[in-house]
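Read the structure below first, then the notes.
The figures here come from the full heavy-atom set of this structure, side chains too, leaving out hydrogens, waters and symmetry mates. First the proteins, then the strands, lettered A, B, ... as listed; each starts at 1. Since we're looking at a predicted model, the values are computed, not measured.
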There are 2 protein chains.
Amino acid sequence: MLPKREGPHRMAEAAKSTRVEAAYERLKGEIRTNRMPPGFQAPEPEIALRLGMSRTPVREALIRLEAEGLVELIPRRGVRVLPIRAEDMREIYQILTSLEPDAAARYAETRPSDQELAPLEQATADMEAALESEDLDTWAEADDRFHQILLDLQGNRRLKDFVRALYDQAHRARVVTMRMRGPPHRSTQEHREILNYLRAGDGDSVRRLFKQHRTRSAEELLAILEKYKLGQL
Amino acid sequence: MLPKREGPHRMAEAAKSTRVEAAYERLKGEIRTNRMPPGFQAPEPEIALRLGMSRTPVREALIRLEAEGLVELIPRRGVRVLPIRAEDMREIYQILTSLEPDAAARYAETRPSDQELAPLEQATADMEAALESEDLDTWAEADDRFHQILLDLQGNRRLKDFVRALYDQAHRARVVTMRMRGPPHRSTQEHREILNYLRAGDGDSVRRLFKQHRTRSAEELLAILEKYKLGQL
DNA sequence: AAATAAATTAATGCATACATTGACGAATGC
DNA sequence: GCATTCGTCAATGTATGCATTAATTTATTT
């Protein structure tokens, strides 16, 4: 019997058109965009009502969101959207600083073609353009895109999923702090350099720069959180 | 049978005496011990029957196990215990090689006291003793304990949970391959050295050795998997 | 005998029911 | 007034029911 791999590997989490899936996506969206802000709390029946379905699929979606670290299920009080404390950001950035540079370095060692790197080039160019026109939202989107693409290119699936979950957790804090600092010249520049070394297949340099990139952004972010006493977002 | 060691800290995962919890623990146990071997498949109702409860709590437990990468829920065919392929082990060890050394190095920088390091000393001593008496099971238990303790000591909770999940995934493959190689002198020795540098507060050395430790064990394991054509466990 | 269609079976996805139990406020005692 | 007990209410944890539909088997056609 042949390996019956079903068709295309799910491209972008192809929605299975199931209610659980719908609930999951919608709730995740609400959380990411702060429509359900950190600390928000509601009992399951209320969520179910809002989503127009019964508790069962909502519950299953919540269990997944809990596993991803976005919400907490408190025994008699419903779901709570997890706040992001400075300590959480520290944890997240520690992990990213360990994982991403190594992953990027490994990828560099595969000597990726220009064609393969094109999306990264695009993202970098977009960052530069957005920086020029001081369009922070677009900049943030391109930044995010850069990292996502790199995650996809590097082959480790477990790493990808985990890091993505961390991005999701950190996203809200980044959105809030983004406007509390000057234009991200440095960060943009670093992306450009990392891309150059990727193109050159220079893993060690990629690792070094990426590590520096993450270390610096972590420091900046934490400095802001402390400066504005945003102990909890 | 291992004495269920529980850190003196919070009993975070204290069994909530709920059926979901029971199902989760039991299924996880069955999978770890290969009573439900990789590739094993069964519909939800059958699992529920075996566990003596309805499908609901079983389902919730399965969703958690799926999030942890131990099983797969296939739409009309029930749960499947995920096989571990060489590629999976490669992924897992890549991540461990990035995360653990940095985490251990950070911990070393905190200049842990001898008292704090006592459990690690114990684990290392146990490994040495087990190696001496050629008791592989005890050796493996102590090895696992060493890494678990270090995970607990290092402060990053997200890192801990994730790495633990990876251990769980890799556990089965390690059990199988353990007896296909000579006595782990080298590995034991490395633990001792890492411990020494932890005691000395020498983060850089800890990182370097730990990285080497993981790199080597990954190579050994993969070599065995390929030699015996254990492409899939 | 191969191919196709129809019938059967059974697993999932979801809704709903319900007992238990914690939360919270009212009533009570000091 | 303050602490305590009691009662009500609601949320969870779990069981059960059911429609849908994939998988499988049987029947039918060629």
Side-chain angles (χ1 to χ4, degrees), chain A residues 1-10 13-31 36 39-82, chain B residues 10-31 36 39-68 70-82:
Chain A
M1 32 197 101
L2 297 176
K4 83 163 55 161
R5 198 81 206 93
E6 74 273 26
H9 275 238
R10 48 166 104 170
E13 311 304 324
K16 281 184 300 180
S17 70
T18 163
R19 283 172 210 246
V20 181
E21 206 63 35
Y24 172 81
E25 293 297 344
R26 280 197 52 188
L27 289 173
K28 191 161 170 178
E30 308 257 319
I31 293 169
M36 278 172 71
F40 174 87
Q41 214 171 53
E44 287 174 15
E46 192 180 311
I47 309 277
L49 189 67
R50 272 165 56 153
L51 298 186
M53 58 182 78
S54 85
R55 274 177 56 216
T56 310
V58 170
R59 212 145 192 277
E60 297 186 2
L62 289 176
I63 291 172
R64 286 178 52 187
L65 290 170
E66 184 178 38
E68 283 173 40
L70 287 178
V71 307
E72 178 186 21
L73 286 164
I74 308 174
R76 207 130 300 253
R77 319 175 71 186
V79 219
R80 191 173 76 114
V81 176
L82 284 177
Chain B
R10 58 203 162 148
M11 300 192 25
E13 322 302 330
K16 282 184 300 182
S17 71
T18 164
R19 283 170 208 246
V20 182
E21 206 63 35
Y24 173 80
E25 294 296 345
R26 280 196 51 188
L27 289 173
K28 190 161 169 178
E30 307 257 319
I31 293 169
M36 277 172 73
F40 174 87
Q41 212 171 52
E44 288 174 14
E46 192 180 311
I47 309 275
L49 190 68
R50 269 162 59 150
L51 298 186
M53 59 182 77
S54 85
R55 275 176 55 216
T56 311
V58 170
R59 214 147 192 278
E60 298 187 1
L62 289 176
I63 291 171
R64 286 178 52 186
L65 289 171
E66 184 179 38
E68 284 174 40
L70 287 177
V71 307
E72 179 185 19
L73 284 164
I74 307 175
R76 280 274 143 191
R77 320 175 72 182
V79 221
R80 191 173 77 114
V81 176
L82 284 177

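Interface remark: the Arg55(B) side chain does form a donor-acceptor pair with the dG13(C) base, using a distance-only criterion of under 3.5 Å. With hydrogens and angles left out, the side chain of Thr18(B) and the base of dT12(D) share no donor-acceptor pair within 3.5 Å. Counting distance only, with no hydrogens placed and no angle test, the side-chain atoms of Arg76(B) and the base atoms of dA11(C) include a donor-acceptor pair under 3.5 Å.
Nucleotides of DNA chain C nearest to Met53(A) and Ile74(B) differ in position, and the one nearer the 5' end is that of Ile74(B).
Closest contact between the side chain of Pro43(B) and the listed nucleotides dA11(C), dT14(D), dT16(C) involves dA11(C). Here dT12(C) is the nucleotide among dT12(D), dG13(C), dT12(C) with the atom lying nearest to any side-chain atom of Pro45(B).
Between Ile47(B) and Val79(B), the closest side-chain pair of non-hydrogen atoms falls below 4.5 Å. Contact annotation: the side chain of Leu51(A) approaches that of Val58(A) to within less than 4.5 Å [non-hydrogen atoms, C-beta and beyond].
Distances shorter than 4.0 Å separate none of the side-chain N or O atoms of Thr56(A) from OP1 or OP2 on dC14(C).
For the pair Arg77(A) CZ and dT12(D) C1', the computed distance is 14 Å after rounding to whole Å. Glu60(A) has its CD atom 12 Å from the C1' atom of dA15(C), to the nearest Å.
Distance CG/Leu27(B) to CZ/Arg64(B): 11.0 Å, rounded to 0.5 Å.
Minimum interatomic distance between Pro57(A) and Ala23(A) (heavy atoms only, all atoms of both residues): O-CB, 4.5 Å.
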